[in-house]
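Worksheet for the structure shown next.
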Number of protein chains: 2
Amino acid sequence: MSSHILDQTDRDIISLLQQDARLSSKEIAAKLRKRPTTIFARFNKLKALGYLKGSIMLIDREKVGMLMAVFINIQLNDHHAEALYEFQRDIKAYSEVMECYHTTGQVDFVIKVVVQDMLAYKDFLVQNLSKMQNVKAYTSHFVINEIKRELAYPLDNLV
Amino acid sequence: MSSHILDQTDRDIISLLQQDARLSSKEIAAKLRKRPTTIFARFNKLKALGYLKGSIMLIDREKVGMLMAVFINIQLNDHHAEALYEFQRDIKAYSEVMECYHTTGQVDFVIKVVVQDMLAYKDFLVQNLSKMQNVKAYTSHFVINEIKRELAYPLDNLV
DNA sequence: ACTGAAAATTCTCTGGC
DNA sequence: GCCAGAGAATTTTCAGT
């Protein structure tokens with residue numbers, strides 16, 4: 001690992017950690033046929049260089065009572081810089097809004113909202129989204145089945 | 001933690017682990033003013049009961065060369081059970097498709113595709129998506145800015 | 001469910017290659 | 001950049017309350 005170019009070992013470590021963030025240096029070392037201290041040093045470097053941005057425990061969304069996930073496509077009235085900034089700042093503040101992306105196409109923003117139930121969703125729409133001045137139109141797409149949700153990027157022919 | 005009802009400590013542990021999956025029992029114990037072994041026992045139970053579904057290390061998507069994220073809304077021709085099942089099985093198999101949701105509304109499926117660059121995206125469309133018989137229409141929404149991507153569910157007034 | 005102590009394992013630092 | 005050794009810290013088990 002000379003500077004900012006990842007070699008195969010770096011990619012292997014990242015790939016393994018994307019599958020299980022709690023792997024120990026020893027466990028990674030065993031899989032890659034290296035020494036634990038070597039893995040430890042690379043892990044620290046990957047973290048220092050900003051490749052690794054923290055780890056999270058994935059939990060069963062429905063089991064903890066967050067039964068409803070919704071994708072909402074949003075169109076704005078005013079697309080000037082200041083108006084865009086304000087919308088982003090405000091939408092980001094809602095805890096129901098888990099994800100928000102500025103996109104190209106017919107739609108300006110794609111957001112993912114996760115709430116307990118339809119009542120909570122209605123509250124979000126009526127009390128929050130509908131009151132945002134710059135929102136021209138939105139369409140809700142309720143998730144009825146999660147076919148795939150892979151959060152680990154494939155790093156095979158890369159970097 | 002009697003059986004399947006989460007108490008405040010359980011929710012606290014889950015919340016902390018959603019922020020950092022690598023927290024040790026000792027670290028969690030210190031934050032919650034409990035003993036490490038108590039946290040350890042609860043951690044094992046939460047895992048055994050299926051609340052915790054594994055951990056992942058988050059990495060800098062653009063830094064590792066995955067420069068392009070796209071949401072694609074897909075409409076199908078045939079909505080019968082067998083056709084739906086086949087579509088889901090096939091779309092799931094593509095490594096470029098990170099997420100796929102069956103949704104209500106004008107759109108049948110929302111998928112998130114992550115690739116290196118526009119060339120890789122073109123290849124995915126031309127060689128894969130366009131060749132799926134049951135796909136009637138699709139619209140691409142390129143992510144030009146990620147405003148928010150929160151993966152930890154808020155468990156405050158819940159369960 | 002929680003505690004406390006002990007054993008096994010891992011982390012983390014230092015120095016040498 | 002890799003490896004080895006050793007002390008410190010942690011994980012994990014287990015018996016007791």
Side-chain angles (χ1 to χ4, degrees), chain A residues 1-60 63-65 152-153 155-159, chain B residues 1-60 63-65 152-153 155-159:
Chain A
M1 183 159 60
S2 55
S3 61
H4 274 227
I5 299 155
L6 302 182
D7 65 13
Q8 188 58 44
T9 304
D10 294 321
R11 289 199 292 275
D12 288 343
I13 293 172
I14 292 175
S15 289
L16 288 171
L17 286 171
Q18 279 195 117
Q19 290 164 36
D20 182 357
R22 292 176 68 92
L23 284 174
S24 67
S25 295
K26 190 190 178 186
E27 288 167 319
I28 297 172
K31 286 174 194 283
L32 302 183
R33 301 180 179 283
K34 301 265 179 182
R35 299 286 163 197
T37 46
T38 300
I39 301 300
F40 184 70
R42 281 183 181 253
F43 174 80
N44 283 333
K45 235 172 206 172
L46 287 170
K47 206 163 49 177
L49 291 174
Y51 287 96
L52 308 179
K53 305 189 70 173
S55 63
I56 63 165
M57 183 69 68
L58 301 175
I59 67 174
D60 189 317
K63 208 152 185 168
V64 296
Y153 303 112
L155 302 186
D156 292 335
N157 34 14
L158 264 201
V159 189
Chain B
M1 185 161 57
S2 55
S3 61
H4 275 227
I5 300 155
L6 301 181
D7 66 13
Q8 189 57 46
T9 304
D10 294 320
R11 289 198 293 274
D12 289 342
I13 293 172
I14 292 175
S15 289
L16 288 171
L17 286 171
Q18 280 195 117
Q19 290 164 37
D20 182 356
R22 292 176 69 93
L23 283 175
S24 66
S25 296
K26 189 189 179 187
E27 289 167 318
I28 296 172
K31 287 173 192 285
L32 302 183
R33 300 179 179 283
K34 301 266 178 180
R35 301 281 168 201
T37 46
T38 299
I39 302 300
F40 185 71
R42 280 181 183 256
F43 175 80
N44 284 333
K45 234 170 206 174
L46 287 170
K47 204 162 50 177
L49 290 173
Y51 287 96
L52 308 179
K53 305 189 71 173
S55 63
I56 64 164
M57 182 69 69
L58 300 176
I59 66 173
D60 190 318
K63 209 152 184 167
V64 296
Y153 304 111
L155 302 185
D156 293 336
N157 35 13
L158 265 200
V159 189

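Letters A, B, ... mirror the listed sequences (proteins, then strands); counts begin at 1.
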Query raised in the report: If only atom types and distance count, is the side chain of A:R42 paired as donor or acceptor with the main-chain N or O of A:T9 below 3.5 Å?
Result: no
**Report entry** Contacts of type side chain to side chain donor-acceptor pair (under 3.5 Å), residue A:S55, not counting sequence neighbours
**Finding:** B:D20
Query raised in the report: Can you name the residues that form a side chain to side chain donor-acceptor pair (under 3.5 Å) with A:N44, not counting sequence neighbours?
Result: none
Requested in this report: Take the protein atom CD1 of A:I39 and the nucleotide atom P of D:dG1, then report the distance between them rounded to whole Å.
Outcome: 13 Å
Query raised in the report: Rounded to the Å, how far apart are A:K47 NZ and C:dT12 C1'?
Result: 12 Å
Can you find a pair of side-chain heavy atoms, one from [X] and one from [Y], that are under 4.5 Å apart?
X	Y	value
B:M57	A:K53	no
B:L46	B:Y51	yes
B:K45	B:F40	no
B:L52	B:I14	yes
B:L17	A:R22	yes

For residues 26-35 of chain A, dump all side-chain donor-acceptor pairs below 3.5 Å to protein atoms at least two apart in sequence or in another chain.
| unit_1 | atom_1 | unit_2 | atom_2 | d |
| --- | --- | --- | --- | --- |
| A:E27 | OE1 | A:S24 | N | 2.7 |
| A:E27 | OE1 | A:S24 | OG | 3.2 |

Report task. Under the side chain to side chain contact (heavy atoms under 4.5 Å, CB included) rule, collect the residues that match up with B:Y153, sequence neighbours excluded. Result -> A:I59, A:R61, A:M66, A:M98, A:V114, A:R149, B:Q18, B:L155
Query raised in the report: What parts of residues 24-35 of chain A reach DNA chain C, counting only heavy atoms under 4.0 Å away?
Result: A:S24, A:S25, A:K26
At a cut-off of 3.5 Å, list every protein nitrogen or oxygen paired with a nitrogen or oxygen from nucleotides 13-17 of chain D, distance to 0.1 Å.
none

Query raised in the report: When you measure from every atom of DNA chain D, which of residues 12-23 of chain B have a heavy atom less than 4.0 Å away?
Result: none
